[in-house]
Structure formats: C-alpha cells, structure tokens
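Let me begin by presenting the structure, written as structure tokens, before commenting on it.
Numbers here are sequence positions counted from 1. Indexing begins at 1, ligand by ligand and atom by atom, following the structure's order. Note: hydrogens, waters and symmetry copies are ignored here, and every other heavy atom, side chains too, is used. No experiment lies behind these values; they were computed from the predicted model shown.
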Amino acid sequence: MLTSGSQPERIEAGTGKMPRHVAIIMDGNGRWAKKRMLPRAMGHKRGVETVRKIVRAAGELGLEALSLYAFSSENWKRPEDEINDLMGLMREFIKSDLDEFAANDVRLKIIGNYKALSPDIVDMLEDSMSRTSQNTRTTLAVALNYGGQDELVRAARSAAAQGDITAESIEANLDTAGLPPLDLLIRTSGEQRLSNFMLWQAAYAEFWFTDTLWPDFSKDELAQALSEFSTRERRYGGR
Ligand code: IPE
Ligand code: IPE
Ligand code: MG
C-alpha cells in the first residue's frame, strides 16, 4: 500500500527499482470533454488540474525528473481558438503554481523551442526558471513548442558549431541535457505512438500505455506505472 506524506514512498511490487526520470505524453483532453458534451477547452482546463496533481505526486513518489508534453511543434495545426486557450492556460498555470514549486523544491525547466512563443510567455517562463533554478528535489520539464526532430536538428547544429558531431556532443546539446536519462515513458488515452516526443531520449526507455484520458489520470495510476517499471528487465543490448 502507498502511504501519503512528504517522504518518497516505497514501491512494493517487483524489485524496487525506481525510475529517476519519467516522461508523460498527456493525451486525451479533447476526448474527455467530448464524452461529456463539453467544449474542448474544459478538457484542457481539467488537464491542467491533473498536471498539478501529478507534479505533486512526482515529488511524493521521489522522482528526480518529470517531463510533460504540453504543446508539440505540430499542435500549431490546431484551430487558433484552441491554441489561444492552451496558451492562456499555460500563463495561468505558471502564475498560480510558481509559489508551490518554490515551496516544494521543484525546479522548472522548459524544453522545446519556447522562444518562438509570445514574448510575454517567454519572459514569464524565463523568470520562473530563474526563480526555481536552485531547487533540487524534482525537476519539472515542460515541453512547449517541442518536437523531437526539431530538438535534434538544433542539437546537431550546436554540436557542429562546437566541433565533431558525436552521440555525446549531440546529447550534450539536447534540451534535456542535465536531466537523468529517460527511464519510463507514459502515454495516456490509448494512443501508442511517440508523436515526435523524446525521439533520442526514448532509445532505451521503457514504455507504459493506459487507456485513461489525461484529465482522469491519477497518482495511483502513476504509482501503478512505477510499480510495473520496477519489474521490467532492461538489457541495453547486452544479455
Ligand atoms: C492533449 O489532449 C493536449 C494537447 C495535445 C495539447 P488532446 O487535445 O490531444 O486530446 P484528444 O487527443 O483530442 O482527445
Ligand atoms: C501529442 O498529442 C502532443 C501532446 C500531448 C502535447 P497529440 O494529440 O498532438 O498527438 P497526435 O496528433 O494524436 O499524434
Ligand atoms: Mg491528442
């Protein structure tokens, strides 16, 4: 049984191996709203509440890093109204939750080409990153205007400008540089694809899929994914 409290909780099943870095493709907000005959914006709003819960849970469960796919470089294909709703929610979320990050020792990192977002959002994100830069308990990496292919192109260009292109030099220039290696990748809503997320980082990550729509995802289900992770045997090509 999991107990609540601020100390990292034990995952009992399996061998007890805990992932250091979990990434989540938070999918299914639109379908959650549609099922209830609500506007899509309501699904996104409920999705932000789940983000809040899961960030807390990540700290309680003792994760070093949690990466959340919030807006992809392909999500610009959506109608302008929906993009505006998502950007508005992003602004609100940072404003309302920054103090809690500070209090809970959460360091905020933004991955993706966030500098192409509106100048007010860029300023707010940079201010929030610098305000939380000394925090060490959990790193929350929010992927905004993120695409794995775009990240790799940018990383390869930087690596070439610095010298040789090698696996190490590319890795050192990824947006995720400095985070622990990706251990576990979760996707909600029943889809089983990467949708351009963490292409490089997923090389030896374990995958875990659930039909649960993102607004219904919970700490218990995250704990279930961690528990299953602890039973997986990772070989990295060896034997
Ligand atoms: C995920 O929910 C949130 C974003 C991609 C921003 P969706 O909006 O993709 O929800 P579905 O997939 O249409 O249900
Ligand atoms: C992936 O979900 C992007 C995010 C969760 C932010 P999408 O809903 O955009 O992915 P596809 O289009 O179904 O592949
Ligand atoms: Mg989707």
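There is no side-chain donor-acceptor pair under 3.5 Å between T210 and R187. One side chain, T212 or E221, offers a donor N or O that lies under 3.5 Å from an acceptor on the other. S72 and N75 are linked by a side-chain donor-acceptor pair at a separation below 3.5 angstrom, with hydrogens and angles left out of the test.
Hydrophobic clustering, with ILVMFWY side chains joined whenever heavy atoms are under 4.5 angstrom apart, keeps L179 apart from L199. Linking ILVMFWY residues whenever their side-chain heavy atoms come closer than 4.5 Å, directly or via other members, places Y114 and V142 in the same cluster.
Around the Mg ion (ligand 3), the protein N, O or S atoms found under 2.8 Å comprise D27 OD1.
Geometrically, R78 does not engage W76 in a cation-pi contact, judged by NZ or CZ lying under 6.0 Å from the ring centre and within 45° of the ring axis.
The aromatic rings of Y204 and Y236 are tilted relative to each other, their planes meeting at an angle between 30° and 60°.
Between Y146 and F197, the gap from one ring centroid to the other is short of 6.0 Å.
Around ligand 2 you find I25, M26, D27, Y69, A70, F71, N75, R78, R187, R193, S195, each with a heavy-atom distance below 4.0 Å.
Between H44 and ligand 1 there is a heavy-atom distance shorter than 4.0 Å.
Side-chain N or O atoms of D105 include one that pairs as donor or acceptor with a backbone N or O of T136 at under 3.5 Å.
Nearest heavy atoms, P181 versus R20: CD-NH1, 4.0 Å.
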